[in-house]
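Report on the following structure.
Labels below follow one simple rule: chain letters A, B, ... track the order of the sequence lines, proteins then strands, and each chain is numbered from 1. Quantities reported herein were computed from a predicted structural model and do not represent experimental measurements.
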Number of protein chains: 2
Amino acid sequence: MTTEDQRGPDIEAGTPTPTSGDVLTVPFVDAPIFTRPRALRPRGKVLPEHARSHNRALVLQTLYTSGAQSRADVARETGLTRVTISDLVADLIAEGLVVELGQREDARPGKPATLIDVDRAAFHIVGIDLSEHQRFVGAVVDLDGGIVSRAEVAHDGATGEAAVVLVTDLVRRLLASTTTPVLGIGVGSPGVVDPLGVVRSAPNLGWTDVALQARLQAEFALPVHVANDANVAVLAEHGSSHQDDLLLVKIGHGVGAGLIIGGRPVIGGGFAAGEIGHVVVGTDGGPRCACGKYGCLEAWLAVPRLTAQLDALDPDAPDAASARDDILREAGRRLGIVLAPVVGALNLSEVVLSGPAELLDGPLHAATVDTLRMRTMAEHNRDLRLRMTEQAEDVVLRGAAVMVLSGQLGVS
Amino acid sequence: MTTEDQRGPDIEAGTPTPTSGDVLTVPFVDAPIFTRPRALRPRGKVLPEHARSHNRALVLQTLYTSGAQSRADVARETGLTRVTISDLVADLIAEGLVVELGQREDARPGKPATLIDVDRAAFHIVGIDLSEHQRFVGAVVDLDGGIVSRAEVAHDGATGEAAVVLVTDLVRRLLASTTTPVLGIGVGSPGVVDPLGVVRSAPNLGWTDVALQARLQAEFALPVHVANDANVAVLAEHGSSHQDDLLLVKIGHGVGAGLIIGGRPVIGGGFAAGEIGHVVVGTDGGPRCACGKYGCLEAWLAVPRLTAQLDALDPDAPDAASARDDILREAGRRLGIVLAPVVGALNLSEVVLSGPAELLDGPLHAATVDTLRMRTMAEHNRDLRLRMTEQAEDVVLRGAAVMVLSGQLGVS
DNA sequence: GTTTGTTCGTAAGCTTTACTAACAAACGTG
DNA sequence: CACGTTTGTTAGTAAAGCTTACGAACAAAC
């Protein structure tokens, strides 16, 4: 009943099992790949079939990012021979992942090329975002990251099992809304999520060791990937950014971060990488935080805190505008103070802010940049970019789709 | 004349070329490996020979870390078959990297096993540390990391080409001191070093874009690896620690850090990862730094700064001891303040301090731990360990050896 | 209209790699 | 001594990608 095939969609076969703990050790497929970066430790044997699946994913990735092209084009781009590409493409066509599009139009010497491309209409992905305040959001996403349809449900503070049921229902509604085969389900959850998709701890949802991945997979017999919301979000940004090092700061009801270093997501020893919301900022105190400490990043920067401060301003005061700017600037400065050591230690080239643009994309952003420049060594971080997300509201949804794409096809 | 063989030592053949830009993409040999971590992008094709060299390194790694054992033992540990192991081992024996040690002594049923092991006496490695104050230090290191012989030279502030010549002479002396074949030369340099071993910038040595790796390789016709001193040091610590995430803070004349995340060294977009010496600490000013800013980590923590402060104390004052402790504690607190965001963001499980133990291993260490605990979320960083290096003075030398070992044999 | 050169995709055969199956040698145990 | 176990090797097979070669289809030049 269950197949071992991790890569194939194999929807009609019933229960594709997204196996997690394989023995490989690469960057691609981290989708298995091979980089001889520098000093590393072989993590496990490599068999021919691993090489094959790597190359398979490489072809898929090439088509996915570069668009329709001939087999010969793919061969040139990947370095594999035309023969091997033809062979791999034949497999991919048989699996329904790739389609032939007919001959190339433009006039060139030689035999006209047969264009092939990923069949971008062949599959949909269900993406779920559990990080919004008071509601669960979901969408059907196509292979290009386009939102096909949406659904959401207020959870009204539901926790524990009730919240799991709400998530399940949301997924079911989304699955019912599409007749296209679904490649898998991706979920971005707040809290600490381990690589097996167990939500180790998500206080807001009252979850402790909830095996969300296993639950959803058993329920829907589809590949399911679950990860922390910010870690998921940074995947979406990574797709559009093509930077190998990337930090995304997600500012909402709480503050969290997602990190990609050397092209690979950072999970952390306790699976809590990116949890910077309760790091203390500066050495001059600060507002009391829900966690009991004073001056946590979240106490300075979380959206409710910011809006509360702004709402407290007298809108009719003569200096209302500048008072507003001061508040946002100070928040931005605090963010810069926390980020400076991280940017310095990792020599990051790109930092992305995600959250309400009306709050973040102005004095706050400017102050963060200034603070970062003033507190790190300009020489080393000359080309640091701090920018707003390009994905607006849907970072987590799209990131969830990328996670599935990457996990199932080795494509991002 | 030159061979393409990246793995074999091939000393007598003349000029082994440690090619840098191969097409692989893995975590092992990152030395080529294959981890299907999570969402990654295939970086290049994988050929059967890549798989072979991965497995070859795997065997070597297994023998290196687990010690003498039979081919069958290796087969069980790696998951490869006895046949394949025999085949790989035959290659390794032919290359002189592995030796047969005769039959196993202990009495067990069955045919007695023939023990094999890495020939730990077959090769030496030359390690160079350019990060010490006013002198260059070098050593001949055996494959187990033992120091065979040492040499050093005062550079008396020599810079530029003169400094390069001193390094070259130091290497020459060390090479002359051993008759054992040398696997390669590893150099830990201060400053920013790119993956090709070009020292992009090392102010103390007056170096800008010095192609040290190329120079030494041309001179000695041996594989050469050059990297930043702290990044090299963390390799040594990684070997003994067996943690996949590791931060080493090297406190000497300056302050720098080396990072390993997910088992792989972090280089940084501008090759300046770990350069945290000039990150500003706290929001309450601080001593003026050589770089012009106030309150840089280095201005708080560099050894000259600490000793200057301690020397200024009146040794006969009644509270001399507690005044000393206060100074060290404050320095430790500052370190904790800078590390907190990094530890939080990366969810690090282990941080190592390297430097003069009489300064670091006491109130300073304790204050850093306390500060880290107070400024991060205890729940996520419960099992964080902060410890002193186990390698004492020789971290960089041994790390340089590990770098060569890893680069040439895929072993660490 | 013909020739030339180019490009595409495929077919056949080779090499590399690791696997399974089988076995001889060498050893304990009953 | 017969039997079972373990080791390491031999022989043969399957998978993967490579090189070489070729037919088809086209543009450009004559």
* To do: Would you mind reading off the distance between A/Q103 atom CD and C/dT7 atom P, rounded to a whole angstrom?
  => 17 Å

* Asked: Salt bridge check: are B/K45 and A/E77 linked by an N-O gap of less than 4.0 Å?
  -> no

* Rounded distance in Å - NE2 (A/H54) to C1' (D/dA15) -> 17 Å

* Structure fact -> side chain to side chain contact (heavy atoms under 4.5 Å, CB included) filter on B/V266, not counting sequence neighbours, yields A/I261, A/L346, B/L259, B/I261, B/A273

* Whole-Å distance separating the CD1 atom of A/I85 from the C1' atom of C/dT7 -> 16 Å

* Structure fact -> Partner of A/H225 under side-chain contact (heavy atoms from CB on, under 4.5 Å), picked from A/M403, A/Q217, A/Q213, is A/M403

* Asked: Do A/S70 and A/D73 have side-chain atoms, one donor and one acceptor, less than 3.5 Å apart?
  -> yes

* Between B/R71 and B/D87, does at least one N-O distance fall below 4.0 Å, as a salt bridge requires? -> no

Kindly give the atom pairs (protein nitrogen or oxygen, nucleotide nitrogen or oxygen) under 3.5 Å for nucleotides 14-18 of chain C.
unit_1	atom_1	unit_2	atom_2	d
C/dA18	OP1	B/N55	ND2	2.6
C/dA18	OP2	B/R52	NH1	2.4

* Sequence neighbours left out, what passes side chain to side chain contact (heavy atoms under 4.5 Å, CB included) with B/A236? Give chain and number order. => B/Q391, B/V395, B/R398

* Salt bridge check: are B/R56 and B/E95 linked by an N-O gap of less than 4.0 Å? -> yes

* Structure fact -> So CG of A/N55 and OG1 of A/T84: to nearest 0.5 Å the spacing works out to 8.0 Å

* Asked: Got a minute to check which stems DNA chain C is part of, using Watson-Crick or G-U wobble pairs under 3.5 Å, three or more consecutive?
  -> C:1-30 with D:1-30

Between the protein and nucleotides 8-12 of chain D, list the N/O to N/O atom pairs that are separated by less than 3.5 angstrom.
unit_1	atom_1	unit_2	atom_2	d
D/dG8	OP1	B/T114	N	2.6
D/dG8	OP1	B/T114	O	3.2
D/dG8	OP2	B/R71	N	3.3
D/dG8	OP2	B/A72	N	3.1
D/dG8	O4'	B/K111	NZ	3.4
D/dG8	N7	B/R82	NE	2.8
D/dG8	N7	B/R82	NH2	3.3
D/dG8	O6	B/R82	NH2	2.8
D/dT9	OP2	B/S86	OG	2.7

* Asked: CD1 of A/I185 to CD1 of A/I125: how many Å apart, nearest 0.5 Å?
  -> 11.0 Å

* **Residues that A/V83 engages under side chain to side chain contact (heavy atoms under 4.5 Å, CB included), provided they are two or more places apart** => A/T81

